[in-house]
Structures are given as C-alpha cells and as structure tokens.
Asker: 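My structure is below; once you've seen it, I'll send some questions.
So you know, we letter chains A, B, ... as the sequences are listed, proteins then strands, and number each from 1. Computed from a prediction, not measured in an experiment: that's the story for all the values here.
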There are 2 protein chains.
Amino acid sequence: MTQACRGKSVSQRKVISLDDLRVACRNCSLTSLCLPMGLAPEDIERLDEIVKRNRPLHRGDFLFREGDRFRSLFVVKTGSVKTFAPSPEGGEQVLGFHLPGEVIGLDAIDKDAHACSAKVLETSAICEIPFARLEELTMSIPSLQHQMYRLLSKEIGQDTELLLLLGKKNAEERLAAFLLSLSKRLHKRGLSATDFYLSMSRHEIGNYLGLAVETVSRLFTRFQDDGLMRVDRKHIQIIDQDALEALVGGIGQHRRQQQQS
Amino acid sequence: MTQACRGKSVSQRKVISLDDLRVACRNCSLTSLCLPMGLAPEDIERLDEIVKRNRPLHRGDFLFREGDRFRSLFVVKTGSVKTFAPSPEGGEQVLGFHLPGEVIGLDAIDKDAHACSAKVLETSAICEIPFARLEELTMSIPSLQHQMYRLLSKEIGQDTELLLLLGKKNAEERLAAFLLSLSKRLHKRGLSATDFYLSMSRHEIGNYLGLAVETVSRLFTRFQDDGLMRVDRKHIQIIDQDALEALVGGIGQHRRQQQQS
DNA sequence: ACCTTTGCTTGATCTGGATCAAGCGAAGAA
DNA sequence: TTCTTCGCTTGATCCAGATCAAGCAAAGGT
C-alpha cells in the first residue's frame, strides 16, 4: 500500500499484493450496504466471480471520464470518490461524494457512455463490475435483479433530495444538511458520526451545494461560533446534532414557501 | 369523454368507453418512446397483458401521493402530469413535467413507497403497470430488462441535468433551457416544436426552476420583447430558437465558473 | 349581468450570497 | 532554511433575483 501507483489506469492488474484488497464479497464488511445486500450466499459467490478488484487508486485518479464508453459499474470499497459533470461553459457541477459500499456509474447505462466523471478523493480501493456480465447474472438471480432496480431507484431518490436542497434551501440549511448526511453515512459504515475528516475541499463542497467557497468558509466559522461543531481544517467534530437537524428542518426564516394549485 | 369523472380513483375500471383509451400497446403511437421500445412484437403482446388502462383523469387528480404504498408504474398516454415532493417546511419542489410516453414512479421502487406525488395537469389518459408483474416479466424478456435499466438510468441522467440547471445557471438560462426542452420533447411526439400550449402555471414553472413567479413572468415578457418568442398566456410560439440555444449555452455573463483540483 | 377568485403582470425595494480583494498558515520544493 | 503554492479565511462591496405591493383580465359562480 506504500508503493506509489499514482496515475496508473484502473484496468491494470496482476500485481501481487497481500493486503485486504482482494477480499471476496463474502468476506467484505460491506455486504450489508453493497450490491450483495440480501443475496443468498451461493448467489454472492456467483456475483463475486465477475467482480474485478484492481489495485488501489490515489487522490486525483479517475475511475472514468465524461464521454468514456460505459463498461462497468464501480463500487467504493475504501476511501472516497466524487462524481462531477461539466456544465456547457466550462465549469463543473459536483454531483456526489461516494463512500464505501456506494455504486458509481449507474447514470451511464442509458446512453452507454458516461455523462459525468469520477475522481478519487483519497487513496481508495475500488471494485469493478462489468455491466454486461452483471446484467446476464441478474437474469438468473431474481433477488439480484430486484436489488439492481432498488439501487437505480435509490439513486433517483438521492438526486431528488439534492434537487430539493438546491431549489428550496438557503446556504445555512444546505451546509447543515450536507454535514448531517455525511455524518449519518459514516455512522452506517461503523465510523464516528460526530468526529470525522472531510476528504473534499471547501471548494468542492461549495460547488456541490451551489455556494461560493467564501460562503462555505463563513458558514463553518459561524457554525463553530454558535457552538454547533468544532472545525479544524478538514477535521469536523459535531457538538450539537439536534441544532443542526433543526436548521435543516427549517426552523429559521425562509424564502417564501411556494405552492401551486 | 364528456361525462364528468373528476375525483374518481385510478383503480376504478369496467366502464364501457369506446374512445381511443383502450388501444393496445401494439397499436399505440407511443411504442417508440414508451416501455415497449425495441421489444419484439410477441414480447409487446406479453407486456400488453399486464397493462391496465384506466378511465381518463382530470386536472388536479392524483396518480399517487407522497407516502402511498408503491404498486405500479404509470405511463402518460395523452395529456401531462407533474410530480412534486414536499419540502420539510410545507413548501414543495416540482420535480418534473411528464409528457406522453414518459414513465412515472421509478423513484418509489427502492423504499416501496412513493416519495413524491403525481398530479394530472390536464385531462389525461394514463396506463398503469403493476410493478410486481412487470418485474416477473423482465426475468424472461432480456430486452425488457435492459429497457428497464435504461429507463431508470435515463431518469438519473435527467435529474442530473436539472441539478446542473439549479446549481449553475441564472434565471434567464433556466427558463430558456426549460422551454427548449419542452419544445424538443413535444416535437418527438409529433407536435409542433415552435407553437404549443403550456399545461402548467407560471407558478409551477417557477417552482420547478427555483425562481419566483414574478421572475418567470418578467422573463417571458423580456423574451417576447427581445423577439425570441411570442407569448400569449399559455400559448407559446418560438420565433428564434437559435438565440434561445445560445442563451442556454451560456454566451452571456455568468457567475464565476467554479472548478476544483 | 355582477361578483369573486385565480393567475399573471409590472413596479419599487430589499437582501442573501456572489464577487472582489487581501492576508495567512501549512505543506511541499529547492 | 527560504520560497512558492494552495487552500482557507475574513472584510468590503455589489447585484440578481426575492419579496412586497398594486392592478388587471379571464374564468367561473350566483
């Protein structure tokens, strides 16, 4: 894990590494979050056979780029990944930050090409699942097919939430929602919900939330001053989770609530 | 079609109506846009057997409400539908406007319950597809399964586009993008791309685009003054499509283009 | 015919957050 | 060590679009 392999492509393999990279699905701690969720052991075995486990990637490496032909889904095993789409004018919109167990690339099935890029935020282990083989497999494993439908559907639900965030919430609510979401997802993965490190920059957070870097920075300062959390660079310690929840719920002043007939 | 059936529930049927409501999938003009896309005739026949064709719904009727148990997907045959999600404070976010051939309810598969509501914007014919039976069917028709994956994936792609709109575009670009998208979708359905009626209110457009009604209204006026289109209440005639495209592409002044390492 | 409601437009004002502009400390490079 | 870069913070100013406030016309009700 210490030798550098920055910049190498995902499709390289046949390296003898004895670390935990090659863990079979059955032994992976993520079975309850990842694709195998709810599968019978013998079905997990079959899924396991088509999963490629590549060498670890490093900060800045791409899983795929916008425009690439779609071949595989990717699952974060350890580390974190961001996905982002180019906007016509040259800027980009960060679409999501992905933690262990989360599947990346589902949006590419339709057009058979990736519409967004995926970049690794820190040294990460990634499982690669060739989609054609997965699709075959789902034909004979009903529960896997169902799991796929759920996964795709879940992604839609998440986009909807982000839509609500960008369309209806002010800066404060956005950042609070972001931090709480992160906290909860980390907790599900057995990590602390109240003490964690951000793997993304202020700039990336701002882009994701539709805010300027300066606004994000000011909000972190404000949250700390208000005793909601302690912030030291990337290190976040949540002190008053309830107050954060209240912010998101919108106990504060809001833009006019829009409703229509 | 003239007798009132406002307020009746979708699940009612056994009414003898001889209008074009009961057209089988094979005879429906939407085969090339809808679920049957790319299916062999005999497979369309099998799909057809599970489709329920209910009586027409009217403005304001619900297909389903947020929180309802998920049972079926719905496809617009004629008319239009909007979907919207409640935001915690009582407002709501319009998630989409759905035209003939478009499938509604895909976001509910994951949680087995609808996270958003769907309301009919004008008198509309809707096909209902029980999901459990559809899922069975996809097990034995590979091309239908693939079509389902594409459909779900496409929905994700569309959400991503809206995300980009809300996160990175100004008011002018948003409305231009909205009108062009509508124009193109209508055109695909054999209707005029340059002369059409809006089935949604200014309020609903504003909500969808994250803008106040007043801003939407002012922009319509501006677009007309600039000779881009003619606007008469709900009646839109696009005069200069290229200029609209240019607006969306972002040839104007923009907020700072954000990019990160 | 008259009243009420609803949706839309237009004008005036206000403000949250973007933008502009420094400055600062940590991490890496020479 | 010193220099440079990079990410972050903080302050000052600006502005797109929200909000407030009328007024108007179409549609529907009585």
Side-chain angles (χ1 to χ4, degrees), chain A residues 4 6 59-60 82 89 91 121-122 165-176 197-225 230-236 247 250 252-261, chain B residues 4 6 58-60 82 89 91 94 121-122 165-176 197-225 230-236 247 250 252-261:
Chain A
R6 178 182 277 279
R59 173 163 185 82
K82 77 162 178 184
E89 305 83 30
L121 289 171
E122 60 190 315
L165 209 70
L166 293 183
K168 295 276 169 293
K169 310 255 189 192
N170 64 25
E172 196 177 62
E173 296 168 314
R174 293 183 198 189
L175 187 61
Y197 284 81
L198 300 172
S199 59
M200 69 294 289
S201 69
R202 302 286 194 267
H203 203 126
E204 288 165 324
I205 295 173
N207 186 309
Y208 176 65
L209 298 175
L211 301 172
V213 207
E214 294 93 329
T215 304
V216 175
S217 181
R218 276 185 252 272
L219 283 171
F220 270 124
T221 306
R222 168 133 53 101
F223 284 172
Q224 180 163 54
D225 290 350
R230 191 183 310 283
V231 181
D232 176 33
R233 313 210 123 239
K234 308 266 189 187
H235 185 196
I236 304 290
L247 277 188
Q253 69 305 326
H254 284 279
R255 30 185 86 186
R256 188 200 320 191
Q257 285 315 319
Q258 303 170 317
Q259 50 234 347
Q260 61 284 325
S261 65
Chain B
R6 180 182 275 281
H58 297 85
R59 173 162 185 83
K82 78 162 178 184
E89 306 83 30
V94 174
L121 289 171
E122 60 189 316
L165 209 71
L166 293 183
K168 295 276 168 292
K169 310 255 189 195
N170 65 25
E172 196 178 61
E173 297 168 314
R174 291 183 200 190
L175 187 61
Y197 284 80
L198 300 173
S199 59
M200 68 295 289
S201 70
R202 303 285 195 266
H203 203 126
E204 288 166 324
I205 296 173
N207 187 308
Y208 177 65
L209 297 175
L211 300 173
V213 205
E214 294 93 330
T215 304
V216 174
S217 182
R218 276 185 252 271
L219 284 171
F220 270 124
T221 306
R222 167 132 55 102
F223 284 172
Q224 180 164 53
D225 291 349
R230 191 183 308 284
V231 182
D232 176 33
R233 313 209 122 239
K234 307 265 189 187
H235 185 196
I236 304 291
L247 276 187
Q253 67 305 325
H254 283 280
R255 28 185 88 185
R256 187 200 321 189
Q257 286 315 320
Q258 304 170 315
Q259 50 234 347
Q260 61 283 327
S261 65

Asker: Rounded to 10°, tell me the angle between the two end axes of the helix from C:dA1-D:dT30 to C:dA30-D:dT1, each built from five pairs.
Answerer: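 Answer rounded to 10°: the end axes differ by 40°.
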
Asker: OP1 or OP2 of D:dC8 less than 4.0 angstrom from a side-chain nitrogen or oxygen of A:Ser217, does that happen here?
Answerer: no

Asker: Taking 4.0 Å as the cut-off, does a side-chain nitrogen or oxygen of B:Lys234 come that near to OP1 or OP2 on D:dA26?
Answerer: no

Asker: Which heavy-atom pair separates A:Leu219 from A:Leu175 by the least distance, and what is that distance?
Answerer: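 It is CB-CD2, 3.6 Å.
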
Asker: Give a yes/no answer on whether the side chain of B:Thr221 brings an N or O atom under 4.0 Å of OP1 or OP2 in C:dT10.
Answerer: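 Yes, within the criterion.
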
Asker: Looking at B:Gly206 and B:Val216, what are the two nearest heavy atoms and their distance?
Answerer: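 Of all heavy-atom pairs spanning B:Gly206 and B:Val216, the closest is CA-CG2, 3.5 Å.
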
Asker: Find the distance A:Asn170:CG to D:dG17:P and express it as a whole number of Å.
Answerer: 18 Å

Asker: Rounded to the nearest 0.5 Å, how far does CZ of B:Arg174 lie from CG of B:Leu166?
Answerer: 5.5 Å

Asker: Which whole-number value in Å describes the distance from B:Leu209 CG to D:dA18 P?
Answerer: 11 Å

Asker: Just N and O in the side chain of B:Arg233: are any of them under 4.0 Å from OP1 or OP2 of C:dG7?
Answerer: no

Asker: Atom CZ of A:Phe220 and atom P of D:dT9: how far apart are they, to the nearest Å?
Answerer: 8 Å

Asker: I want to confirm an ordering. Mapping B:Met200 and B:Arg218 to their closest nucleotides on DNA chain C, which one lands closer to the 5' end?
Answerer: B:Met200

Asker: With a 3.5 Å distance limit and no angle check, can you tell me whether A:Arg202 reaches the backbone of A:Val213 through a side-chain donor-acceptor pair?
Answerer: no

Asker: Please compare A:Arg202 and B:Arg222 by the position of their nearest nucleotide in DNA chain D and report the one closer to 5'.
Answerer: A:Arg202

Asker: Check this for me, if you would: do B:Lys168 and B:Glu173 make a salt bridge, where the nitrogen-to-carboxylate-oxygen distance has to be below 4.0 angstrom?
Answerer: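 A salt bridge is absent here (no side-chain N lies under 4.0 Å from a carboxylate O).
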
Asker: A:Leu211 CG to C:dT19 P: how many Å, rounded?
Answerer: 11 Å

Asker: Starting at atom NE2 of A:His203, determine the distance to atom P of D:dT9, rounded to an integer number of angstrom.
Answerer: 14 Å

Asker: Rounded to the nearest angstrom, tell me the gap between atom CD1 in B:Ile205 and atom C1' in C:dT9.
Answerer: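 One finds 14 Å between C1' of C:dT9 and CD1 of B:Ile205, rounded.
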
Asker: How many angstroms lie between atom CD of B:Glu172 and atom CG of B:Leu211, to the nearest 0.5 angstrom?
Answerer: 11.5 Å

Asker: Starting at CG of B:Leu175 and ending at P of D:dA18, how long is that distance when rounded to a whole Å?
Answerer: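 Those two atoms, CG and P, are 12 Å apart.
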
Asker: If I take atom CG in residue B:Asp232 and atom P in nucleotide C:dT9, what distance separates them, rounded to the nearest angstrom?
Answerer: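 Whole-Å distance recorded here is 10 Å.
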
Asker: It should be established whether B:Ser201 places a side-chain nitrogen or oxygen under 4.0 Å from OP1 or OP2 of nucleotide C:dG7.
Answerer: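 For C:dG7, neither OP1 nor OP2 has a side-chain N or O of B:Ser201 closer than 4.0 Å.
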
Asker: Enter the distance from B:Glu204:CD to B:Leu121:CG here, rounded to the nearest 0.5 Å.
Answerer: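 If I round to the nearest 0.5 Å, the distance is 5.5 Å.
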
